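These notes are about the structure you will find just below.
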Amino acid sequence: MELNSNVIDTPPRDAASLVMIRDGAQGLEVLLMRRHTDSSVLGGACVFPGGKLDAADSSAELLERLDRSPSELHARLGEPELSPAHAAALYVAAAREAFEEAGVLYQQVGNAEVATVDAAARASLSAGETFNALLARLGLTLDTDALVPWSRWITPRRPSVMNKRFDTRFFLAVAPADQIARHDNFETTETLWLTPRNALIEYKEGRIDLAPPQIMGLAHLSRFTTVAQARSDALTRKPPLVEPESFEEDGTRVLCYPGDERHSVRERALPTPTRLVWKDKRFEPPGGFEALFQE
């Protein structure tokens with residue numbers, strides 16, 4: 001990825017992303033999808049499934065397909081300035097994007113139905129059926145209880161590796177046992193299940209590309225060895241708001257985060273290093289990649 005130096009004055013667009021985790025042989029694993037190289041947003045990079053909020057995500061018919069009321073989801077998200085419908089729509093967007101990009105549908109049905117309808121339903125969605133129409137036709141209810149608000153990232157006016165701005169809500173979710181995540185060969189071209197540490201090592205060695213929110217998210221997840229630990233942590237705290245700020249030091253781009261001495265917010269938001277430095281076309285902490293794994 002190349003470093004961006006342009007300032008973007010347009011407001012950030014609402015978006016949602018799903019951080020899917022599972023217990024693996026080496027501990028907690030996280031799902032990364034490699035975006036198509038032709039994508040206008042982070043082409044070729046490995047990301048958590050996600051995308052922008054669509055107008056249809058807040059339709060009354062679709063919100064009726066949720067297992068919780070918009071007011072309940074609004075309270076869970078912890079953003080009082082949003083309307084309940086807007087908050088609920090972000091849950092819908094996260095679930096929809098996980099299905100579109102990874103083929104995993106968080107639905108309240110029995111295991112047999114989960115195993116048999118997902119492939120056909122995804123093909124129908126790719127052919128043009130709307131998410132709402134698909135859920136209605138199959139009589140499905142979205143399982144929002146599975147989606148735990150995890151963090152909120154707002155792209156700065158000078159994005160580091162993007163040419164667009166987003167206000168992204170990240171949700172943590174355990175991978176359904178009877179579904180298999182698969183890339184769609186359109187928006188995503190590769191499916192990777194890696195421990196957070198191994199994903200960061202792959203990034204360090206140049207075998208995958210990651211954007212700063214994914215770097216910091218993986219560093220956060222590396223603190224946990226099981227799905228239960230990570231989910232418990234997310235359930236017991238308010239999702240932190242992260243608005244990166246950048247500056248140049250000795251001709252090098254530095255990103256700082258809440259709690260850093262150069263950041264306008266003094267309170268630390270994440271249990272990770274508070275800054276990343278652009279070096280050899282990679283972002284890393286000033287102390288090197290091992291700093292990402294320190295408590």
Side-chain angles (χ1 to χ4, degrees), residues 1-9 11-13 15 17 19 30 41-42 45-48 50 77-79 81 149-172 196-197 199-204 208-224 229-230 233-234 236-295:
M1 293 186 293
E2 298 298 327
L3 192 64
N4 172 66
S5 295
N6 298 322
V7 173
I8 300 175
D9 290 322
R13 297 192 62 175
S17 188
V19 182
V30 62
V41 178
L42 298 176
C46 290
V47 300
F48 309 127
L77 195 62
E79 296 183 43
E81 68 277 11
W150 194 51
S151 63
R152 177 186 179 189
W153 285 68
I154 299 178
T155 311
R157 291 179 61 246
R158 186 174 67 163
S160 294
V161 292
M162 293 198 300
N163 56 8
K164 297 180 181 179
R165 298 184 67 206
F166 296 97
D167 185 346
T168 305
R169 283 72 170 191
F170 290 85
F171 295 84
L172 194 71
R197 176 183 286 269
L200 290 168
I201 291 173
E202 290 290 293
Y203 174 69
K204 174 187 176 183
I208 65 173
D209 283 330
L210 297 170
Q214 278 71 38
I215 296 171
M216 301 299 271
L218 290 166
H220 187 177
L221 286 174
S222 72
R223 271 68 178 165
F224 308 110
Q229 291 174 351
D233 171 74
T236 54
R237 60 172 174 76
K238 179 181 177 181
L241 170 61
V242 183
E243 296 185 79
E245 297 175 0
S246 66
F247 60 93
E248 303 293 326
E249 187 172 73
D250 298 327
T252 299
R253 177 75 58 84
V254 179
L255 294 178
C256 63
Y257 301 96
D260 190 88
E261 61 182 12
R262 291 288 297 268
H263 198 279
S264 59
V265 176
R266 307 309 303 163
E267 184 177 355
R268 196 183 187 99
L270 299 168
T272 58
T274 60
R275 63 173 60 181
L276 295 174
V277 179
W278 181 253
K279 181 181 179 182
D280 297 327
K281 293 192 174 184
R282 288 285 184 273
F283 275 112
E284 64 178 64
F289 277 88
E290 282 303 312
L292 292 171
F293 310 123
Q294 297 173 5
E295 295 292 341

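None of these values were measured; they are calculated from a predicted model.
- Contact check for R197 versus F289: no side-chain heavy atoms found under the 4.5 Å cut-off.
- With contacts defined as side-chain heavy-atom distances shorter than 4.5 Å, the pair P285/L276 qualifies.
- A search for side chain to side chain donor-acceptor pair (under 3.5 Å) contacts involving E202 returns R207, not counting sequence neighbours.
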Tell me, with the steps shown, if F170 and Q214 meet side chain to side chain contact (heavy atoms under 4.5 Å, CB included).
CA-CA 10 Å; F170 290 85; Q214 278 71 38; 4.1 Å; yes

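- Residues I154 and P12 form a side-chain contact, since some pair of their non-hydrogen atoms from C-beta on lies under 4.5 Å apart.
- Aromatic pair W150/F171: centroids not less than 6.0 angstrom apart.
- The side chain to side chain donor-acceptor pair (under 3.5 Å) test applied to D9 returns R157, not counting sequence neighbours.
- Contact of the S246 side chain with the R253 side chain is registered, since non-hydrogen atoms from C-beta on lie closer than 4.5 Å.
- A distance of 4.0 Å separates CZ in F283 from CG in L255, rounded to the nearest 0.5 Å.
- Listed by chain and residue number, E79, E81, D167 satisfy the salt bridge (Lys or Arg N to Asp or Glu O under 4.0 Å) test with R152 (two or more places apart in sequence, or in another chain).
- Residues passing the side-chain contact (heavy atoms from CB on, under 4.5 Å) test with P239, sequence neighbours excluded: P149.
- A search for side chain to side chain donor-acceptor pair (under 3.5 Å) contacts involving S264 returns E245, not counting sequence neighbours.
- When side chains are defined from C-beta on, P156 does not count as touching E243, because their heavy atoms never get closer than 4.5 Å.
- Within the 4.5 Å cutoff, side-chain heavy atoms of D209 are placed close to those of R282.
- Of the possible donor and acceptor atoms, none in the side chain of T272 sits under 3.5 Å from a partner among the backbone N and O of H220.
- Atoms NZ and OG1, on K279 and T252 in that order, are 9.5 Å from each other to the nearest 0.5 Å.
- In this structure, the side chain to side chain donor-acceptor pair (under 3.5 Å) partners of Q229, at least two apart in sequence or on a different chain, are T225.
- Contacts of E267 classified as side-chain contact (heavy atoms from CB on, under 4.5 Å), with partners at least two apart in sequence or in another chain: none.
- Expressed to the nearest 0.5 Å, how far CG of L77 lies from NZ of K238 amounts to 9.5 Å.
- A search for ring-ring contact (aromatic ring centres under 6.0 Å, His included) contacts involving F48 returns nothing, not counting sequence neighbours.
- Listed by chain and residue number, D233 satisfy the salt bridge (Lys or Arg N to Asp or Glu O under 4.0 Å) test with R237 (two or more places apart in sequence, or in another chain).
- Scanning for side-chain contact (heavy atoms from CB on, under 4.5 Å) contacts around R268 gives T274, with sequence neighbours left out.
- Side chains of L218 and L292 form no contact here, defined as non-hydrogen atoms less than 4.5 Å apart.
- When all heavy atoms of L241 and A269 are compared, the pair lying nearest together is O-CB, 4.2 Å.
- Scored by the ring-ring contact (aromatic ring centres under 6.0 Å, His included) test, H263 finds no partners at all (sequence neighbours excluded).
- For A230, the side-chain contact (heavy atoms from CB on, under 4.5 Å) partners are I21, L28, L172, L221, F224, not counting sequence neighbours.
- Considering CZ of R275 and CG of D260, their distance stands at 4.0 Å, rounded to 0.5 Å.
- Inter-residue side-chain proximity for W153 and S17 is flagged as unmet; no heavy-atom pair is nearer than 4.5 Å.
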